[in-house]
2 protein chains.
Amino acid sequence: MTQSRPMRADARRNYERLLKVAAEAFAEHGENASLDDIAKRAGVGSGTLYRHFPTRQALLEAAYLDRIEALGVRADELAGELPPGEALTEWLYELAVGTLQVRGMKALLGSAVTQSGAAALTVCGDVVKGAVARLVEAAQAEGALRGDVAPIEVLRLAHGVASAAELAGAGEPEIRRYLGLLREGLRAG
Amino acid sequence: MTQSRPMRADARRNYERLLKVAAEAFAEHGENASLDDIAKRAGVGSGTLYRHFPTRQALLEAAYLDRIEALGVRADELAGELPPGEALTEWLYELAVGTLQVRGMKALLGSAVTQSGAAALTVCGDVVKGAVARLVEAAQAEGALRGDVAPIEVLRLAHGVASAAELAGAGEPEIRRYLGLLREGLRAG
DNA sequence: ATAAGATACGGAGAGAGTCCCCGGTTTGCA
DNA sequence: TGCAAACCGGGGACTCTCTCCGTATCTTAT
């Protein structure tokens, strides 16, 4: 990532075009969008794509890194604006909406919270896990959330809610509704 | 499906071999198992496979039809043995376990409860929807389940629980745990 | 301004798969 | 025994991935 020399100008141009096109393609066709097609749409050869991003995962992660980081920032904003329990609920809502609006992100966030796949996704995984940990701990300290759930479990359940809403047609009202039911199950008892 | 003539003996033999091999292959490799490979493992030509099952969905559904029907029967068994609320919980547990143990079934059950994909999955969809409807209505009548959830929503949420447990490594304890949390959110209040 | 050297590009092509059709051959039933 | 039904498996038309190396482009030192 950190180059000893700065990137050549044309290399940087291509890198950024690829990122932009990839984000669109993954959003439209899901995680299995054709990589050759992404290269073509970006106006570069496929060799160039594979040089910059050796694996599909690398491209997927790079394409949505900014969005993921925005979620991290958003967690702290919400923590400042709302009571802890509501901040958590709202953040999970925004997470789930992102997951569904942008189809590639579902796979990305999914593999970020598996047991096994941790290796591949250091950056995105860390950001999201850090954000949810802060929100969960604050909510638990206030008694707005049962104490026996781990932050990562909350993430997995939110992913599950997104899956459920997806089956329902992925409307945002469904996300709110299902998340509300989950939230009910997670109250301190 | 209902032939005017009964199937020729060798045709029936091949049909059943294909079903058996397909169930194994989908369980092992997921919904995208290679169809050519299934044909090869069953010892038939690929043409034979495509004659019996014109689409991947058709094969998937046929391969798991018996399992799905067993779930339908199991719903009534449980309804006779346990109080309505517990019967529902236990049935959802068994559904989720099946969903995860047999990878192909996740896709099958998933598409059975979407808004759009109803057309392709008449039989499996009907069985599962019927079973859950009976259990949900019984539980609601007893006050063991909130009245404002539809049976199909319960199915979707159970699918979400299975997705969440899958991220955790698909252990059965996780399924129980996450289902317990969902159940908490669904109590009558 | 320019030339030399480092760097990155492009896109053909091999390899792996999938889906499906076809025409000669075999099999089973009456 | 005859013929309709079903089989087999090669092969075509696709799609996708990923590598290789001759060529084009940029950078830097002069």
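Letters go in sequence order (proteins before strands), and every chain restarts at 1. Only heavy atoms go into these numbers, but all of them, side chains included; no hydrogens, no water, no symmetry mates.
By the criterion of side-chain heavy atoms lying less than 4.5 angstrom apart, applied directly or through intervening Ile, Leu, Val, Met, Phe, Trp or Tyr residues, B:L82 is grouped together with B:L186 in one hydrophobic cluster.
When the side-chain nitrogen and oxygen atoms of B:Y50 are compared with OP1 and OP2 of C:dC21, none of them lie within a distance under 4.0 Å. The shortest distance between the side-chain N/O atoms of B:H52 and the OP1/OP2 oxygens of D:dC7 is below 4.0 Å.
For the pair A:L49 CG and C:dC9 P, the computed distance is 11 Å after rounding to whole Å. Note: OH (B:Y15) to P (C:dG28) measures 20 Å, nearest angstrom. Between the CG atom of B:L18 and the C1' atom of D:dC7 there is a distance of 12 Å, rounded to whole Å. One can place CZ of A:R12 at 12 Å from P of C:dC9, the figure rounded to the nearest angstrom.
Across every non-hydrogen atom of A:G185 and B:E184, the tightest pair is CA-CB, 3.8 Å. What you find for B:A107 and B:E31 is that their closest heavy atoms are CB-OE1, 3.1 Å. The two residues A:Q140 and A:V149 have their closest heavy-atom pair at NE2-O, 3.0 Å. Shortest non-hydrogen contact noted between A:A62 and A:F53 is CB-CE2, 3.7 Å.
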Report the C-alpha separation of A:R103 and A:E28 in whole Å, then their side-chain angles, then the decisive distance to 0.1 Å, and conclude whether the side-chain contact (heavy atoms from CB on, under 4.5 Å) test is met. CA-CA 7 Å; A:R103 296 190 46 208; A:E28 187 176 353; over 6 Å; no

Please determine whether side-chain contact (heavy atoms from CB on, under 4.5 Å) holds for the pair A:V97 and A:E94, giving the CA-CA distance in whole Å, both sets of side-chain angles, and the decisive distance to 0.1 Å. CA-CA 5 Å; A:V97 168; A:E94 293 181 13; 5.6 Å; no

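Only B:S34, B:L35, B:D36, listed by number, bring a heavy atom of residues 22-42 of chain B to less than 4.0 angstrom from any atom of DNA chain C.
Scanning for side chain to side chain contact (heavy atoms under 4.5 Å, CB included) contacts around B:A22 gives B:F26, B:I38, B:L59, B:A63, with sequence neighbours left out. With sequence neighbours excluded, no residue forms a ring pair (Phe, Tyr, Trp, His ring centres under 6.0 Å) with B:Y50. Residues meeting the side chain to side chain contact (heavy atoms under 4.5 Å, CB included) test with B:A79, sequence neighbours left out: B:L135.
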Name the pairs: protein N/O against N/O of nucleotides 8-10 of chain D, kept only if under 3.5 Å.
residue	atom	partner	partner atom	Å
D:dC8	OP1	B:G43	O	3.4
D:dC8	OP2	B:G45	N	3.1
D:dC8	OP2	B:T48	OG1	3.0
D:dG10	O6	B:S46	OG	3.4

Detail all sub-3.5 Å separations between protein N/O atoms and N/O atoms belonging to nucleotides 26-30 of chain D.
residue	atom	partner	partner atom	Å
D:dT27	OP1	A:A9	N	3.1

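Side chains of B:S163 and B:K106: a donor on one and an acceptor on the other come within 3.5 Å.
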